[in-house]
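Take a look at the structure below.
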Amino acid sequence: MSSPVRVGIVGMGFMGQTHVRAYSWAAMNGAPCELVAVCDRDPSRRSGLATAAGNIQTGGPDERLFDPEVVTGYTDPGSLLADESIDLVSVCTHTDSHVDVALRALERGKHVLVEKPVAVRSCEVRRLLDAARASDRLCVPAMCIRHWPGWSDLSGLIHRGTHGRV
C-alpha cells in the first residue's frame with residue numbers, strides 16, 4: 001500500500017471543519033489520507049474541537065475533530081504551504097482569497113482542493129486553471145454535489161425524457 005496523502009487545511013470555519021470530517025471518514029473507510037496540518041488565525045479553530053455551526057447537522061458541542069498534539073496548527077497560510085510534508089491542501093478560506101491561496105499551494109508543489117465558488121470573477125478562475133494546467137499537480141474545485149446519487153438519478157430522468165423535454 002502506498003503512503004497516505006498528507007493533508008493540510010487552510011481555513012477552519014464551518015467548511016474547513018467539514019473537510020476535516022470528510023478526510024477522517026475517508027481514512028476510516030480505507031482511503032490513504034491523513035490530516036497533518038490546519039491553518040487559521042483563530043486559536044480556538046486550531047484546538048481540535050468543533051467550533052463552527054452551519055446549515056447541516058454535524059457532531060455534538062464537544063466533538064473532537066483532531067488531536068492538536070498530532071496535527072500541526074499554523075496561523076498563516078504561507079507557513080502551512082512551506083511545510084514540505086504536506087501533499088495536498090484544502091482551501092477553505094473566504095472566496096476572495098481562494099485563488100491566491102490555491103496558486104501559492106501549486107507553486108509549492110501541492111495538490112489542491114479548492115472550495116466553491118472558486119472565485120467571483122471568471123478571469124480569476126482562468127488564472128488558476130492556467131496555473132494548474134502548467135503544473136504537474138491536481139487542482140480540483142470541491143463541487144461535491146455532482147457526486148451525490150440524486151443528481152445521477154435526475155440526469156437519467158432527463159436523458160430518458162421521463163418528465164418531458166428540459
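This chain uses plain numbering: 1 for the first residue, then up along the sequence.
Ion pairing of E107 with R104 is absent here, as no side-chain N (NZ or NE/NH1/NH2) approaches a carboxylate O to less than 4.0 Å.
Here T18 contributes atom OG1 and Y23 contributes atom OH; the two are 12.0 Å apart, rounded to the nearest 0.5 Å. Interatomic distance, CG of D100 versus OG1 of T93, reported as 8.5 Å (0.5 Å rounding). With values rounded to the nearest 0.5 angstrom, R137 atom CZ is found 4.5 Å from H111 atom NE2. Atoms CZ and OG, on R127 and S122 in that order, are 12.5 Å from each other to the nearest 0.5 Å. Between D87 atom CG and E34 atom CD the span is 9.5 Å, to the nearest 0.5 Å. The SG atom of C123 lies 13.0 Å from the CG atom of L129; values are rounded to the nearest 0.5 Å.
Looking at S47 and P68, their side chains never come closer than 4.5 Å, going by heavy atoms from C-beta outward. Annotation: side chain of T51 is not in contact with side chain of M12 (no heavy-atom distance under 4.5 Å).
When only modelled atom types and interatomic distance are considered, S79 and D76 share a side-chain donor-acceptor pair under 3.5 Å.
The minimum heavy-atom distance linking G11 with C92 is given by the pair O-CB, 3.5 Å. Minimum interatomic distance between A27 and C33 (heavy atoms only, all atoms of both residues): CB-O, 3.5 Å. Closest approach of A82 to R108, counting heavy atoms only: CA-NH2, 3.5 Å.
For Q17 (side chain) and L65 (main-chain N/O), no donor-acceptor pair under 3.5 Å exists by modelled atom type. Panel note: side chain H98, backbone P117; a donor-acceptor pair is recorded below 3.5 Å. A distance-only check finds no donor-acceptor pair linking the side chain of R126 to the backbone of R121 [under 3.5 Å].
When hydrophobic side chains of Ile, Leu, Val, Met, Phe, Trp and Tyr are connected at separations under 4.5 Å, V91 ends up clustered with V10, V36, Y74, L80, L81, I86, V89, V99, V101, L103, L106, V112, V114, V118, V125, L128.
With L88 as the fixed residue, the side-chain contact (heavy atoms from CB on, under 4.5 Å) test singles out one of V5, V140, I9, L138: V5.
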R45/V38 under side-chain contact (heavy atoms from CB on, under 4.5 Å): CA gap, chis, key distance, verdict
CA-CA 9 Å; R45 291 180 174 180; V38 297; over 6 Å; no

Take E115 and H19 through the test side-chain hydrogen bond (donor to acceptor under 3.5 Å, both in side chains) and record every step on the way to the result.
CA-CA 10 Å; E115 258 308 322; H19 281 230; 2.6 Å; yes

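Linking Ile, Leu, Val, Met, Phe, Trp and Tyr whenever their side-chain heavy atoms come within less than 4.5 Å puts L154 and V166 in one cluster.
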